Amino acid sequence: MRAETKRLILRPWEDRDLDPFFALNSDPDVMRFFPAPFTRDETAAYMARVASFAETGFGFQAVEEKASGDLVGVVGMAPVKPEMPSAPAVEIGWRLAKHHWGKGYASEAANGWLVYGFETMALPEILAFTFVGNQPSRRVMERLGMTRDPADDFEHPGIAAGHKLRAHVLYRLKSDAFRQRAARG
Ligand SMILES: CC(C)(COP(=O)(O)OP(=O)(O)OC[C@H]1O[C@@H](n2cnc3c(N)ncnc32)[C@H](O)[C@@H]1OP(=O)(O)O)[C@@H](O)C(=O)NCCC(=O)NCCS
């Protein structure tokens, strides 16, 4: 998908994104809530893998700053993996370069994806989940109007039992709630 928000361009990956995306994926601060940073090869493989989601209309794609052409990070939506307790569903996610935190870019890009998900794809609901201690990401979910029911909290099946990042919270946003919020402005 291709879209523009006030300050950002949401677009598929391009070859020029590899260097700045690898820089982001290997920054220990950006990756502190992930089991491990990505190598350059893993970054390239991720870009190729998520690009294939494009056939379904989904993808974790590039976010570019309009003013500078700089790669801000990755934001997008994808089907929840079948082994997750919330599947089948669609999730939204984000990860930005550190020098682009604190500007509202994650929320702005995510809102562009929510418009696409609810208006173009007519999804009934979009989910987001993160490690319970990832407050910046939880704040983005709350800023978007997503809500958490503690009954949905879960242990991430892809993370080993006993690992400190295993406890996850789940946030939900239904299309009606999104529309009501958009109407209020
Ligand atoms: C999670 C992450 C994307 C959040 O980034 P962020 O910049 O805090 O989030 P937003 O883009 O919504 O920006 C909101 C912040 O910008 C500030 N801001 C500045 N100008 C703004 C504007 N015009 N509009 C909105 N917010 C603005 C807000 O006050 C807020 O700061 P605060 O949280 O200190 O109150 C970022 O911390 C990150 O990449 N983390 C590492 C990767 C990660 O953990 N990803 C999630 C995995 S589930």
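Side-chain atoms are counted along with the backbone in the values below, which use heavy atoms only and exclude waters and symmetry mates. Whatever order the structure lists them in is the order used to number ligands and atoms, beginning at 1. In this chain, residues are counted from 1 in sequence order. Just so it is clear, the structure is predicted and the values come from calculations on it, not from any experiment.
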[X] versus [Y], closest heavy-atom pair with distance:
X	Y	answer
Val140	Ser107	CG1-OG, 4.0 Å
Leu24	Ala97	CD1-N, 3.6 Å
Leu96	Ala106	CD1-N, 3.6 Å

Report the nearest protein non-hydrogen atom to [atom]: residue, atom name, distance rounded to 0.1 Å.
atom	result
atom 26 (N) of ligand 1	Gly104 CA, 3.3 Å
atom 12 (O) of ligand 1	Ser107 OG, 2.3 Å
atom 7 (O) of ligand 1	Gly102 N, 2.7 Å

Partner of Leu173 by side chain to side chain contact (heavy atoms under 4.5 Å, CB included), out of Leu114, Leu127, Thr147: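 Among Leu114, Leu127, Thr147, the one that satisfies the side chain to side chain contact (heavy atoms under 4.5 Å, CB included) with Leu173 is Leu114.
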Check this for me - ligand 1, [X], N or O atoms closer than 3.5 angstrom, yes or no?
X	result
Met141	no
Phe34	no
Ala106	yes

Quiz question for you: does at least one protein heavy atom lie closer than 4.0 Å to atom 28 (C) of ligand 1?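 It does not; no protein heavy atom is within 4.0 Å.
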Atoms in ligand 1 flagged as close to [X], the criterion being non-hydrogen separation under 4.0 Å:
X	result
Thr130	48 (S)
Arg95	39 (O), 42 (C)
Val140	4 (C), 9 (O), 12 (O)
Phe129	48 (S)
Tyr105	11 (O)

Can you tell me which portion of Arg143 lies within the under-4.0 Å heavy-atom range of ligand 1? Options are side chain, backbone, both, or neither.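 Contact part for Arg143 vs ligand 1: side chain (C-beta onward).
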Is it the side chain, the backbone, both or neither of Arg7 that has a heavy atom closer than 4.0 Å to ligand 1?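 Within the 4.0 Å criterion, Arg7 contacts ligand 1 through side-chain atoms alone.
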I'd like to know if Glu65 pairs up with Arg7 as an ion pair, taking the criterion as any Lys NZ or Arg NE/NH1/NH2 lying under 4.0 Å from an Asp or Glu carboxylate oxygen.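 Looking at Glu65 and Arg7, the cut-off is not met.
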Run the salt-bridge test on Asp176 and Arg181 with the 4.0 Å N-O cut-off and return the result as yes or no.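 Judged by the 4.0 Å cut-off on N to carboxylate O distance, Asp176 and Arg181 do not form a salt bridge.
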Got more than 12 heavy atoms from elsewhere within 6.0 Å of NZ, Lys66?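 Check passes, neighbour count above 12.
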Is it true that atom CG of Asp15 has more than 12 heavy atoms of other residues, nucleotides or ligands lying nearer than 6.0 Å?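 Counting other residues, nucleotides and ligands, CG of Asp15 stays at 12 neighbours or fewer.
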Validate the cation-pi geometry between Arg95 and Tyr46: distance from NZ or CZ to the six-membered ring centre under 6.0 Å, angle to the ring axis within 45°.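 Yes, a cation-pi geometry holds between Arg95 and Tyr46.
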For atom 38 (C) of ligand 1, tell me which residue out of Phe131, Trp101, Trp94 has the closest non-hydrogen atom.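 Heavy atom nearest to atom 38 (C) of ligand 1 belongs to Trp101.
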